[in-house]
Asker: 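Take this structure first; my questions come after.
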Amino acid sequence: MLLGILVVLCFIPTADVTENKILVAQHPLLIVANQTATLVCNYTYNGTGKEFRASLHKGTDSSVEVCAISWNATKISRNSNKEFNCQGNHHKDKIVFNIWNMSANQTDIYFCKIEVMYPPPYVYNEKSNGTVIHVKETPTQVQEPQSTIPLWILATVTGILALYSMLITAVFINYWQKSKKNMYHQSDYMNMTPRHPPYQKNKGYPSYAPTRDYTAYRSWQP
């Protein structure tokens, strides 16, 4: 009985643990506020490939290849789409894609693709969930025109103008005080010109003779 069980177990097919397979994992969302994105593609591979290629693709259908990197034991080569500033770097178990000078219209979903180019058979990873790169709008900064005049010249001219203004103000105040003083002395002067008697203009009195008071002589009249 025991021998029969052993014979049956010998004919059960075992799983192929040496299957060539590439698995890729990406972060689902990446917010870009400074126009620079760093997208990391973590991967696992249980095969014996010697030459690899990793590429970054844009769009739900992965129709646009942004950039790529190829490597083997002795050489690394890179290329990039002319519409992007992108570079890939290979590490032990991940590929890092650096993208800079990004614009808001480059907001999209990006996928990593890793391929075994040599030796056969050709193997590549199944499509991952991708990473949505959201590029924020960069506010337009209006640069103020810079003055071509050195700062020390502006400071000197400002100081001279301020001193000149103070001098003019002091002269004006001094002149105003002197004028006010002269007006005060003129108002204290009394007019001492003699006046002629009232109603006596035709009796030959000079115009400067003082007026005589005749009431003092009325006491002797009867």
Asker: When you measure from the side chain of Asn125 to the backbone N and O of Ile22, does any donor-acceptor pair fall under 3.5 Å?
Answerer: no
Asker: For the atom pair CG (Leu56) and CZ (Phe111), what is the distance rounded to the nearest 0.5 Å?
Answerer: 10.5 Å
Asker: Do any N or O atoms from the side chain of Thr107 and from the backbone of Val135 form a donor-acceptor pair under 3.5 angstrom?
Answerer: yes
Asker: Are any of the side-chain heavy atoms of Val116 and Asn20 separated by less than 4.5 Å?
Answerer: no
Asker: Please walk me through it: do Val96 and Thr38 pass side-chain contact (heavy atoms from CB on, under 4.5 Å)?
Answerer: CA-CA 7 Å; Val96 178; Thr38 301; 3.6 Å; yes
Asker: Atom CG of Asn79 and atom OG of Ser55: how far apart are they, to the nearest 0.5 Å?
Answerer: 9.0 Å
Asker: What are the two closest non-hydrogen atoms of Pro119 and Gly49, and how far apart are they?
Answerer: CD-CA, 3.9 Å
Asker: Hey, any chance Leu161 and Leu154 share a hydrophobic cluster, counting ILVMFWY side chains that come within less than 4.5 Å of each other, even indirectly?
Answerer: yes
Asker: Do the side chain of Tyr118 and the main chain of Pro121 share a donor and acceptor less than 3.5 angstrom apart?
Answerer: no
Asker: Can you tell me if Ser70 uses its side chain to pair, donor with acceptor, with the backbone of Ser77 under 3.5 Å?
Answerer: no
Asker: State the CG-NE2 distance between Asn42 and His27, to the nearest 0.5 angstrom.
Answerer: 11.0 Å
Asker: Does Lys127, at its NZ atom, have more than 12 non-hydrogen atoms belonging to other residues, nucleotides or ligands within less than 6.0 Å?
Answerer: yes
Asker: Could you walk me through whether Asn89 and Arg78 pass side-chain contact (heavy atoms from CB on, under 4.5 Å), step by step?
Answerer: CA-CA 9 Å; Asn89 295 286; Arg78 299 179 177 89; 3.2 Å; yes
Asker: Set out, in order, the CA-CA distance, both residues' side-chain angles and the distance that settles side-chain contact (heavy atoms from CB on, under 4.5 Å) for Asp93 and Tyr45, then state yes or no.
Answerer: CA-CA 9 Å; Asp93 55 357; Tyr45 173 61; over 6 Å; no
Asker: Working to the nearest 0.5 angstrom, can you tell me the gap between Gln106 CD and Lys58 NZ?
Answerer: 7.5 Å
Asker: First locate atom CZ of Phe84, then atom CZ of Phe97, and finally report the distance between them rounded to the nearest 0.5 Å.
Answerer: 12.5 Å
Asker: For the residue pair Tyr124 and Arg53, establish whether any side-chain heavy-atom pair is separated by less than 4.5 Å.
Answerer: no
Asker: If you compare all heavy atoms of His91 against all heavy atoms of Tyr43, which two are closest, and at what distance to 0.1 Å?
Answerer: O-OH, 4.1 Å
Asker: Tell me, do Cys112 and Leu39 make a side-chain contact under 4.5 Å, heavy atoms counted?
Answerer: yes
Asker: Do Phe52 and Glu115 touch side chain to side chain, with heavy atoms closer than 4.5 Å?
Answerer: no
Asker: Look at the side chain of Asn129 and the backbone N and O of Gln26, then say whether any donor-acceptor pair between them is shorter than 3.5 Å.
Answerer: no
Asker: So how far is it from Leu29 CG to His134 NE2, rounded to the nearest 0.5 Å?
Answerer: 8.5 Å
Asker: Looking only at heavy atoms, what is the nearest atom pair of Cys67 and Ser80, with distance?
Answerer: CB-CA, 3.8 Å
Asker: Taking C-beta and beyond as the side chain, do Ile109 and Thr60 meet within less than 4.5 Å on heavy atoms?
Answerer: yes
Asker: Asn46 and Lys21: side-chain contact (heavy atoms from CB on, under 4.5 Å), yes or no, with the steps?
Answerer: CA-CA 6 Å; Asn46 59 0; Lys21 193 171 184 179; 4.1 Å; yes
Asker: Hey, which of Val66, Val132, Leu30, Val64 is the one that makes side-chain contact (heavy atoms from CB on, under 4.5 Å) with Tyr110?
Answerer: Val66
Asker: Where do Ile69 and Gly88 come nearest, in terms of heavy atoms and distance?
Answerer: CD1-O, 3.3 Å
Asker: Checking the side chain of Gln177 only, and the main-chain atoms of Asn174 only, is there a donor and an acceptor separated by less than 3.5 Å?
Answerer: no
